[in-house]
4 protein chains.
Amino acid sequence: MLVIESLEQKYAQTLENSNLSLKQRQVLLSSLKLFAEIGFENTTASLIAKEAGVSEGTVFSYFKTKEGILEAILSTFLEQVIPDVIADFSKKKFTANQETFSVFLRSIVRDRLVFIQENQMQVKILLSRSFIDNAISNQLGNVIVHSIISPISPILNQFKEKGLIRNWTNERIVRYILALSLSYVLPMMLNDNEELGIDEAVNEIVECLSFALVEVE
Amino acid sequence: MLVIESLEQKYAQTLENSNLSLKQRQVLLSSLKLFAEIGFENTTASLIAKEAGVSEGTVFSYFKTKEGILEAILSTFLEQVIPDVIADFSKKKFTANQETFSVFLRSIVRDRLVFIQENQMQVKILLSRSFIDNAISNQLGNVIVHSIISPISPILNQFKEKGLIRNWTNERIVRYILALSLSYVLPMMLNDNEELGIDEAVNEIVECLSFALVEVE
Amino acid sequence: MLVIESLEQKYAQTLENSNLSLKQRQVLLSSLKLFAEIGFENTTASLIAKEAGVSEGTVFSYFKTKEGILEAILSTFLEQVIPDVIADFSKKKFTANQETFSVFLRSIVRDRLVFIQENQMQVKILLSRSFIDNAISNQLGNVIVHSIISPISPILNQFKEKGLIRNWTNERIVRYILALSLSYVLPMMLNDNEELGIDEAVNEIVECLSFALVEVE
Amino acid sequence: MLVIESLEQKYAQTLENSNLSLKQRQVLLSSLKLFAEIGFENTTASLIAKEAGVSEGTVFSYFKTKEGILEAILSTFLEQVIPDVIADFSKKKFTANQETFSVFLRSIVRDRLVFIQENQMQVKILLSRSFIDNAISNQLGNVIVHSIISPISPILNQFKEKGLIRNWTNERIVRYILALSLSYVLPMMLNDNEELGIDEAVNEIVECLSFALVEVE
DNA sequence: GATGAATGAGCATTCATTCAT
DNA sequence: TATGAATGAATGCTCATTCAT
């Protein structure tokens with residue numbers, strides 16, 4: 001049971017369900033790639049056209065402006081792709097019964113670390129756009145809060161009820177999981193030197209979070 | 001004795017020690033402001049000229065290209081301004097003797113949180129540029145590693161020697177301090193809703209880090 | 001028995017006698033409307049298609065170019081529609097016997113004034129195109145000379161033979177009728193303020209032309 | 001005492017009093033020429049640049065848009081050039097004493113006919129734009145009413161007081177003078193065949209207007 | 001050094017026209 | 001015949017950069 005975890009594949013799938021033509025989908029996928037690689041402002045219509053193998057006219061024949069292409073990509077991401085991926089994630093059904101908190105933590109941290117690394121391109125766009133476009137940063141905030149926190153909440157609550165972890169709000173706990181994960185992944189993404197392997201990163205994150213979160217009796 | 005640590009003021013001071021003319025310094029300061037406010041790509045020579053109160057020709061009379069202006073700003077920042085600020089920070093001489101680790105933690109976390117908030121603009125440029133410009137992200141990485149870690153290292157080492165905190169590398173500890181701090185500051189910077197005040201943020205960060213770092217005997 | 005002399009209706013009727021398909025006729029009628037409303041240059045193929053309820057391809061499936069559509073419309077107008085309208089006008093059979101010259105004048109001036117007002121749109125195209133397209137202005141000149149003058153000539157000749165009006169060429173007389181009529185209608189068409197009603201305009205025009213044309217014994 | 005009557009020369013003079021550079025003035029003069037010759041929409045930035053002997057950038061360096069260039073030209077015309085010419089015209093001091101009405105009429109009709117013919121280009125733009133741009137047609141209307149009627153009014157009033165011409169409003173009288181003049185000039189401007197010389201035209205117009213306007217006792 | 005008019009390559013975008021279905 | 005996605009040349013406009021003064 002191979003679960004597709006690449007946002008690009010997921011995005012391509014999502015587009016297949018749209019009424020967009022093959023070439024239009026190519027435009028979106030190529031734009032996504034270029035926006036991520038060289039930034040929105042440095043991506044020219046002619047580059048998109050070349051990358052997508054279409055004419056320049058086609059680039060604007062559906063989404064009327066470059067801004068429109070970006071919005072289409074990001075809104076699809078925020079409204080469909082990411083929630084879909086979250087849904088898949090939820091189905092993995094981590095439970096508080098089967099495992100200790102550390103094991104649970106290890107599984108979701110590794111899960112998310114791999115996910116972020118596999119989707120560097122998209123994460124890059126979303127984060128870098130957040131610095132410029134307030135609407136994006138707000139929407140991204142919402143997605144994180146509502147789509148990432150909710151599936152983990154039941155399990156966290158179970159751990160909390162059993163007195164195994166601190167009674168912090170789930171939002172706070174997720175914030176720390178995310179913050180520590182990003183503190184390892186972002187440098188890997190942005191810098192040339194990958195100092196750390198993913199396994200080592202997971203170990204360190206889980207160790208830290210365990211100390212921070214696990215209630216000592 | 002409140003020391004305002006504005007990177008912009010610090011930058012202006014640093015420029016005064018250069019051999020640049022007043023107008024050239026104005027160009028750099030105005031460019032910094034505009035790059036931060038509307039982004040590098042959206043900043044035009046004419047905007048810089050207007051903001052600096054000089055002619056368009058002057059904008060390019062010393063630093064031949066726009067890219068050159070950015071490089072000049074960032075290199076001065078990374079090579080002089082930030083190290084200077086770090087030096088100031090070091091002089092505050094937090095010691096392991098005087099205080100418990102939590103108190104020490106609280107003081108530096110609050111210190112950095114305030115610093116980041118006061119220099120939102122510059123932090124924004126550095127971070128957002130890091131997503132596009134590899135040179136910047138590498139240099140930023142270096143600055144953080146070498147200039148932030150070094151001044152704290154002696155104190156951390158003292159706490160470690162006393163067995164008060166875990167024997168993790170200083171780099172790792174600083175990574176966590178930074179990651180958690182940013183996890184509170186960035187949302188405040190980017191989103192419309194400021195969910196949390198700085199005091200509450202400091203409390204939560206210190207609480208978490210204390211649990212994570214403090215060695216329980 | 002009020003006969004509405006809409007050039008548009010007349011054009012639609014004329015097209016029905018052509019071998020063009022319904023959709024092609026729709027294209028021509030919609031083009032006419034748009035050319036008149038927003039000008040030839042500002043009328044896009046997509047606008048015509050939308051207005052006509054056909055696809056963009058259909059717009060060019062018969063008349064290969066946009067220029068071709070305009071030519072088709074204008075030539076039909078100049079060769080068929082306007083002569084037809086003139087013929088209708090002739091049938092009204094104004095005669096020199098039944099009435100004084102002033103009454104005759106009043107009837108045709110009112111007739112033409114109403115006609116121009118009812119067909120503002122088409123008149124606008126023809127006139128404004130004349131400023132750019134030499135072929136149009138020549139053709140329009142011919143139509144006016146040959147098709148407007150001819151039906152009135154017999155009556156004018158009768159008045160002249162009876163010594164009731166000056167012995168000027170019919171071309172000259174028609175020129176004055178047209179010039180004065182347009183001097184009232186065009187400002188009404190182009191300016192916001194309609195200074196004058198049609199009745200008052202007719203009175204003034206007839207008064208002036210009577211003084212100018214009627215032979216005093 | 002040669003009175004400069006060409007609107008183009010007058011316009012060039014007016015521009016010299018502006019703070020525009022030589023190249024900017026060239027842009028305006030070339031635009032004027034092209035707008036008149038091939039129409040606003042068919043005039044491209046590259047054509048203007050070539051005609052003016054400047055780069056394409058220069059075309060937009062002062063008046064930011066093509067529309068802006070047109071507005072600049074037309075407003076200068078309507079607000080400065082035409083009123084200036086009118087002022088010159090007024091100085092010619094036609095009087096009711098020295099001459100019969102026909103002689104007076106002949107002098108101003110010839111005057112205006114020559115003027116219109118010499119400035120075909122500008123008249124063409126103003127008239128053809130009036131069909132599209134409501135603001136222009138209104139402004140043109142105002143100019144005619146206030147700037148053409150006023151200088152002639154005193155003389156017309158003198159003639160009226162002496163009972164030599166009909167007691168029509170000056171506006172009405174000027175309307176007829178203009179309408180008949182245009183009825184001869186426009187066909188000459190727009191059509192290839194110049195049927196009539198200017199002298200013959202003047203004769204016919206004056207003859208008609210005399211009959212229409214001169215009071216018979 | 002400073003100026004700012006001028007440059008021209010480059011960009012996003014439009015739109016008449018084509019053509020496979 | 002009709003369609004409408006695709007084309008690509010052309011357009012208005014921008015802007016980093018130059019250079020004569």
Side-chain angles (χ1 to χ4, degrees), chain A residues 19-24 26-27 41-49 52-69, chain B residues 20-24 26-27 41-50 52-69, chain C residues 20-24 26-27 41-50 52-69, chain D residues 19-24 26-27 41-49 52-69:
Chain A
N19 52 358
L20 293 174
S21 72
L22 179 63
K23 297 222 169 187
Q24 285 305 329
Q26 269 308 321
V27 166
E41 349 263 338
N42 299 317
T43 300
T44 68
S46 111
L47 278 175
I48 296 172
V54 301
S55 74
E56 269 186 73
T58 302
V59 172
F60 294 103
S61 66
Y62 195 86
F63 303 100
K64 302 304 179 196
T65 65
K66 216 178 77 170
E67 204 80 41
I69 295 174
Chain B
L20 293 173
S21 71
L22 178 62
K23 299 221 167 188
Q24 286 306 327
Q26 269 308 323
V27 166
E41 277 86 0
N42 300 317
T43 299
T44 68
S46 119
L47 279 175
I48 296 172
K50 211 168 291 169
V54 301
S55 73
E56 275 187 67
T58 304
V59 173
F60 293 102
S61 66
Y62 193 85
F63 305 99
K64 301 302 178 197
T65 68
K66 211 177 79 166
E67 206 76 45
I69 296 175
Chain C
L20 294 172
S21 71
L22 179 63
K23 299 220 169 190
Q24 285 306 328
Q26 270 307 324
V27 166
E41 277 87 359
N42 300 315
T43 300
T44 68
S46 119
L47 279 175
I48 296 172
K50 211 169 288 167
V54 302
S55 74
E56 275 186 68
T58 302
V59 173
F60 293 101
S61 66
Y62 193 85
F63 304 99
K64 301 303 177 196
T65 67
K66 211 177 79 166
E67 206 77 45
I69 295 174
Chain D
N19 52 358
L20 293 174
S21 72
L22 179 63
K23 298 221 171 191
Q24 285 304 328
Q26 269 308 320
V27 166
E41 348 264 336
N42 298 317
T43 300
T44 69
S46 113
L47 278 176
I48 297 173
V54 302
S55 73
E56 266 186 77
T58 302
V59 173
F60 293 104
S61 65
Y62 194 86
F63 303 99
K64 302 304 180 196
T65 65
K66 214 178 78 170
E67 204 80 40
I69 295 175

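Proteins come first, then strands; the chains are lettered A, B, ... in the order of their sequence lines, and each starts at number 1.
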Considering just the side-chain nitrogens and oxygens of [X], establish if one lies under 4.0 Å of OP1 or OP2 belonging to [N].
X        : N      : answer
Gln24(C) : dT1(F) : no
Thr58(A) : dA6(F) : no
Ser55(C) : dT3(F) : yes

- Message: Among residues at least two apart in sequence or on other chains, which ones pass salt bridge (Lys or Arg N to Asp or Glu O under 4.0 Å) with Glu41(C)?
- Response: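 Per chain and number, Glu41(C) pairs via salt bridge (Lys or Arg N to Asp or Glu O under 4.0 Å) with Arg129(C).
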Rounding to an integer number of Å, can you tell me how far [X] [atom1] sits from [N] [atom2]?
X        : N       : atom1 : atom2 : result
Asn42(D) : dA10(F) : CG    : P     : 15 Å
Phe63(B) : dA2(E)  : CZ    : P     : 12 Å
Tyr62(B) : dG1(E)  : OH    : C1'   : 12 Å

- Between Ala52(B) and Gln26(B), which heavy-atom pair has the shortest distance, and what is it? CB-O, 3.7 Å
- Item | Closest non-hydrogen atom pair, Lys66(C) against Thr43(C) |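 Closest approach of Lys66(C) to Thr43(C): NZ-O, 2.8 Å.
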- Query: Do Ser61(A) and Gln24(A) have side-chain atoms, one donor and one acceptor, less than 3.5 Å apart?
  - Reply: yes
Give me, pair by pair, the N or O atoms of the protein and of nucleotides 16-19 of chain E that are less than 3.5 Å apart, along with how far apart they are.
from: dA16(E); atom 1: OP1; to: Thr43(C); atom 2: O; distance (Å): 3.4
from: dA16(E); atom 1: OP1; to: Lys66(C); atom 2: NZ; distance (Å): 3.2
from: dA16(E); atom 1: OP2; to: Ala45(C); atom 2: N; distance (Å): 2.5
from: dT17(E); atom 1: OP2; to: Lys66(C); atom 2: N; distance (Å): 2.7

- Any side-chain heavy-atom pair of Val27(A) and Tyr62(A) under 4.5 Å: no
- Answer whether the closest heavy-atom distance between the side chains of Leu20(D) and Phe63(D) falls below 4.5 Å.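 A side-chain contact under 4.5 Å exists here.
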- Message: Over all strands shown, is Val54(D) touching base, sugar-phosphate only, or nothing at heavy-atom distances under 4.0 angstrom?
- Response: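 The residue Val54(D) makes sugar-phosphate contact but no base contact.
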- 5' priority, DNA chain F, between Lys23(A) and Lys23(C) [closest heavy atom]: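 Comparing both residues, the 5'-ward one is Lys23(C).
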- Query: According to the Watson-Crick and G-U wobble definition with distances under 3.5 Å, which dot-bracket string, read 5' to 3', encodes DNA chain F, using [ ] for crossing pairs and | for pairs with another strand?
  - Reply: .||||||||||||||||||||
